[in-house]
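Okay, structure first, notes after.
For the numbers below, each heavy atom of this structure counts, side chains included, while hydrogens, waters and symmetry mates do not.
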Amino acid sequence: MNQQLNRECQWVEHMKVKGQVERVLYVNEENGYSVFKVKLHDRKDLVTAVGNLISVTPGEVVELSGNWVNHPKFGIQFKVQDCRTVMPATVEGIRRYLGSGLIKGIGPIMAGRIVGKFQLETLDVIEKDVSRLAEVEGIGPKRIEMIRKAWEDQKEIREVMMFLQAHGVSTAYATKIFKFYGNEAIGILKENPYRLAMDIYGIGFLTADKIARKLGFPMDSPRRIAAGILYVLNQAADSGHVFLPHGKLVRKTMETLGVRDAQVAEQILVLVNEKKLVVDTSDESVSVDPMISATTPVYLPQFFVAETLVAKRLAALWGTPRKTRKIDVDKALEWVQGRLGIKLAAEQASALKKAMEEKVVIITGGPGTGKTTLIRAILEIYGKITEKILLAAPTGRAAKRMSETTGWPASTIHRLLKFSPAEGGFRHNDKNPIDVQLLIIDEVSMVDIILFHHLLKALPPSCQVVAVGDVDQLPSVGPGQVLKDMIASKNIPVVELKEIFRQARESLIIVNAHRINSGEFPFIRPKSTGELLDFYFIESEDTEKVQELILQLCTNRIPKRFGFDPINDIQVITPMHRGSVGAGTLNEKLQQALNPGTRFVQRGASIYRLNDKVMQIRNNYEKEVFNGDIGQIVAIDPEMQELVVDFDGRQVYYEFSDLEELTLAYAISVHKSQGSEYPAVVMPVVTQHFMLLQRNLLYTAVTRAKKLAVLVGSKRALAIAVNNDRTRKRYSLLSERITEAFREKEVDLDIYVNP
């Protein structure tokens, strides 16, 4: 075959080939570049096809336009310029087509039975006389009705599908588009394809822009520029920014779109007029078209509202009297120490007094400084005077840990607020506040500005709030730096716990976490005396060797020596997503090593196997699973086109079309690990990750380890991380807004007291 292909390569500049997609090897989500294997109708061996496509799905029969190329490293490939899905014409093609997950109710086994019965007539039978499917073993009236409806849906999609494919959109995205817009899809896309980026999860601006360009939208189209501005701001939010200065927004949009600054500035004002942006000028009397400077903050509306109201609600909480009866602080302090059988350190006693005296208080400190003991003491005291006490944390794992360490029930903030799909938001809000007198929130460093806004909005003004967190950890994955800004405002009482307790000082994990946080190189014990430690550093300068060591540690060395379950107990945490020791590559390698099962579903280049450890990567309020939740795949049903993930005992169903919400979680980013603890943590520390080697990142990763932390890499990279205390600036004005809100509240209270 290679000789024949070589001959074709020499003279064929453009041709069409037809075949079935066997498997997808690689997909770049940003530009759609795909590498996949195709079984061409006139070839015995599989052919590699490459090109910038929106998506291809295993089982699809495709007609590819392009030309053969001879890649210097990978050999002969078909370079795709255009890709269209066609109906299969062979028995095997029909079987693969029906078994690919296209028709709900037909999986690979059932597809084999149906095609075995009807052969080349199969598609005609389903189209014209679906009741004949009853002749196939295992197909009853309910299954026939399900197949009939799925086939009818496919027929309705077909016209839309043909239009979309003519403009470079393949089956996976086309189905999503049709599900969202229905028969209006073509009209909406012709009018404004950039709506895709705003309306449909999984289709970003770059994909929408690609479709728009194929539809003939010019580079300087006002709709393109407006969508590009919103894209840049959303990208900034994904990086933690609440807003961007006007000058930076204009510059980033120009770079992204290749347009002039005046065009961008003009569309910013259009978006402000349409209430899709907020330009925060200090003078409220100016018109919607003010003299905007380069430093003027430009917000997406939800972030402006959240930041502004968080400050005002904190001031309102601080200024409103509590409903719980007054506590004799000294007596309570003496009583609770006897009750718990402990002697509180001076720092803890001071923090406890503040928690009893202040309406809003922040308690911060590193591991081993007694934050949990302090929470237990607060709960004991307030448990005697009110039943209206609630505990919450940003993630399910953090809430579970909080419950285990305090003995009190704790929930996630999302569940506390009770999301209602029918009502399109949280049930608890300013019109339906939570019935609570004391709220203790743990891991506040993880809470982003939007979630904190919803939480404060749902609290009655009389509620007392104790916010607990470690300000030296990484800030939230979402926009803002709530804990840092609250502390920086100097308006909210803060107690910082610094003393490491004796028992904690026996742990190298805790000792080294504090050393890292202080800018000191961690203690690394010399090679083994036989004693089992809880902190190790394995040195290697070679990144490929680091990858190999991590695989050995997870699959063999740690389970053998410490008895940890390699899937459930060991968590690889890495600074990067890309590279040989990034989360993407490590997940593929660990999946192959730890879970090489044959029962799987493939979407794009991603393979999800039965028993895989997976992570939810976006908030899904309807399913009640949230960004960072980790679970395990416990069932895959190709006929119903769904799989089931177990999240700490709760089973959640996913349609195959929604699998982009999940990613493998054998290796995760440091940000995604926040709020969780794992029996064992393994982390690469290599100079390849130079841009992300930061002290707070290393500190956060090490403090995720409960019983064992193993760092693998070079001492140089470790030293870079320890010495790099320069954290990335986040654009946020919460601290200044809190100061302003408290100042206004003081004036308001003065008027109230001295009218």
Task: Sequence-distant partners of Gln481, side-chain hydrogen bond (donor to acceptor under 3.5 Å, both in side chains), two or more places apart - done: Asp485
- [ ] Mind listing the closest non-hydrogen atom pair of Val686 and Leu693 along with its distance?
- [x] O-CD1, 3.6 Å
Task: Expected output: side-chain Gln348 to main-chain Gly370 donor-acceptor under 3.5 Å - done: yes
- [ ] Would you check, one step at a time, whether the test side-chain contact (heavy atoms from CB on, under 4.5 Å) holds for Val710 with Val681?
- [x] CA-CA 6 Å; Val710 184; Val681 163; over 6 Å; no
Open item on the list: Which residues pass the side-chain hydrogen bond (donor to acceptor under 3.5 Å, both in side chains) test with Glu539, not counting sequence neighbours?
Closed with: none
Open item on the list: Is any side-chain heavy atom of Leu643 closer than 4.5 Å to one of Asp637?
Closed with: no
TODO: Go through the steps for Ile500 and Val511 under the test side-chain contact (heavy atoms from CB on, under 4.5 Å), then give the verdict.
DONE: CA-CA 8 Å; Ile500 308 174; Val511 169; 5.7 Å; no
- [ ] Locate the shortest heavy-atom distance separating Ala667 from Ala583; write the atom from each residue and the value.
- [x] O-CB, 3.9 Å
Task: Neighbour count above 12 (heavy atom, 6.0 Å) for His671 NE2 - done: yes
Task: Interatomic distance, Thr703 atom OG1 to Ile510 atom CD1 [nearest 0.5 angstrom] - done: 10.0 Å
Task: Side-chain donor or acceptor of Ser476 paired with backbone N/O of Gly478 under 3.5 Å - done: yes
Task: Close side-chain approach of Leu374 and Ile363, heavy atoms under 4.5 Å - done: yes
Open item on the list: Distance check, rounded to the nearest 0.5 Å: Lys706 atom NZ versus Ser507 atom OG?
Closed with: 12.5 Å
Between side-chain atoms of residues 627-634 and protein atoms elsewhere (two or more places apart, or another chain), which donor-acceptor pairs fall under 3.5 Å?
from, atom 1, to, atom 2, distance (Å)
Asn627, OD1, Lys672, NZ, 2.3
Asp629, OD2, Phe626, N, 3.0
Gln632, NE2, Asn611, O, 2.9

Open item on the list: I'd like to check Ile550 versus Cys554 (side-chain heavy atoms, cut-off strictly below 4.5 Å). Are they in contact?
Closed with: yes
Task: Phe535 side chain reached by Pro522 side chain, heavy atoms, under 4.5 Å - done: yes
Open item on the list: How close do Ala717 and Val685 get, counting heavy atoms only, and between which atoms?
Closed with: CB-O, 3.5 Å
Open item on the list: Can you confirm whether Phe521 is buried at CZ, in the sense that more than 12 heavy atoms of other residues, nucleotides or ligands lie under 6.0 Å from that atom?
Closed with: yes
TODO: Tell me, please, which residues at least two apart from Arg730 pass side-chain hydrogen bond (donor to acceptor under 3.5 Å, both in side chains).
DONE: none
TODO: Identify, with sequence neighbours excluded, every residue that meets ring pair (Phe, Tyr, Trp, His ring centres under 6.0 Å) alongside Tyr299.
DONE: Phe243, Phe304
TODO: Could you tell me whether Glu443 and Lys371 make a salt bridge, using a distance below 4.0 angstrom between a side-chain N and a carboxylate O?
DONE: no
TODO: State the CG-NE2 distance between Leu734 and His453, to the nearest 0.5 angstrom.
DONE: 12.0 Å
- [ ] Please tell me if the side chains of Ile450 and Val242 come closer than 4.5 Å, counting only heavy atoms from C-beta onward.
- [x] no
Task: Asp658 (side chain) donor-acceptor with Tyr654 (main chain) under 3.5 angstrom - done: no
Open item on the list: For a quick test of reading the model, state the closest non-hydrogen atom pair linking Ile441 to Phe452 and the distance between them.
Closed with: CD1-CE1, 4.3 Å
Open item on the list: Which residues pass the side-chain contact (heavy atoms from CB on, under 4.5 Å) test with Glu404, not counting sequence neighbours?
Closed with: Lys400
Open item on the list: Tell me the closest heavy-atom pair linking Pro575 and Pro684, and the distance in Å.
Closed with: CD-O, 3.8 Å
Task: Backbone N/O of Val581 and side chain of Thr585: donor-acceptor pair under 3.5 Å - done: no
- [ ] Tell me, please, which residues at least two apart from Phe205 pass ring pair (Phe, Tyr, Trp, His ring centres under 6.0 Å).
- [x] Tyr194, Tyr231
TODO: Would you confirm whether Asn556, through its side chain, and Gln552, through its main-chain N or O, come within 3.5 Å as a donor-acceptor pair?
DONE: no
Open item on the list: I'd like to check the salt bridge (charged side-chain N to carboxylate O under 4.0 Å, His left out) partners of Glu548; sequence neighbours left out, ordered by chain and number.
Closed with: Lys545
Task: Sidechain-backbone polar pair: Glu347 side chain, Lys498 backbone, donor-acceptor under 3.5 Å - done: yes
Task: Verdict with reasoning, Gln651 to Val645, per side-chain contact (heavy atoms from CB on, under 4.5 Å) - done: CA-CA 6 Å; Gln651 295 196 339; Val645 180; over 6 Å; no
Task: Flag side-chain contact, heavy atom, 4.5 Å: Leu708 against Tyr536 - done: yes
Open item on the list: Set out, in order, the CA-CA distance, both residues' side-chain angles and the distance that settles side-chain contact (heavy atoms from CB on, under 4.5 Å) for Leu439 and Leu416, then state yes or no.
Closed with: CA-CA 11 Å; Leu439 174 66; Leu416 185 72; 4.1 Å; yes
Open item on the list: Any heavy-atom pair between the side chains of Val232 and Leu244 that's under 4.5 Å?
Closed with: yes
Task: Electrostatic pair Arg704-Glu677, nearest N-O below 4.0 angstrom - done: no
Task: Main-chain N/O of Tyr666 paired with Gln571 side-chain donor or acceptor, under 3.5 Å - done: yes
With a cut-off of 3.5 Å and sequence neighbours excluded, list every side-chain donor-acceptor pair involving residues 694-702.
from, atom 1, to, atom 2, distance (Å)
Arg695, NE, Val722, O, 2.8
Arg695, NH2, Val722, O, 3.2
Tyr699, OH, Asp470, OD2, 2.4
Thr700, OG1, Leu474, N, 3.0
Thr700, OG1, Asn696, O, 2.7

Open item on the list: Parallel, tilted or perpendicular: which one describes the rings of His414 and Phe426, with boundaries at 30° and 60°?
Closed with: tilted
Task: Straight-line distance of Leu594 CG to Ile567 CD1, nearest 0.5 Å - done: 5.5 Å
- [ ] Sequence neighbours left out, what passes salt bridge (charged side-chain N to carboxylate O under 4.0 Å, His left out) with Glu660? Give chain and number order.
- [x] Lys176
Task: Side chain to side chain, Asp569 and Tyr678, heavy atoms closer than 4.5 Å - done: no
Task: Heavy-atom pair of closest approach, residues Thr687 and Ser714 - done: CG2-OG, 4.1 Å
- [ ] Determine yes or no for a side-chain-to-main-chain donor-acceptor pair under 3.5 angstrom, with Thr364 supplying the side chain and Val471 the backbone.
- [x] yes
Task: Inter- and intrachain pairs under salt bridge (Lys or Arg N to Asp or Glu O under 4.0 Å), touching residues 610-619, at least two apart - done: Arg618-Glu661
Open item on the list: Could you check whether any side-chain N or O of His241 sits under 3.5 Å from a backbone N or O of Ala236, counting only pairs where one atom can act as donor and the other as acceptor?
Closed with: no
Open item on the list: Both conditions, 6.0 Å and 45 degrees, for the charged tip of Lys623 above the ring of Phe647: are they met here?
Closed with: no
- [ ] Keeping the roles fixed (side chain from Arg515, backbone from Glu520), state whether a donor-acceptor pair exists under 3.5 Å.
- [x] no
Task: Listed partners of Asn587 passing side-chain hydrogen bond (donor to acceptor under 3.5 Å, both in side chains), at least two apart - done: none
TODO: Tell me whether the guanidinium CZ or amine NZ of Arg23 lies under 6.0 angstrom from the six-membered ring centre of Phe36 and within 45° of its axis.
DONE: no
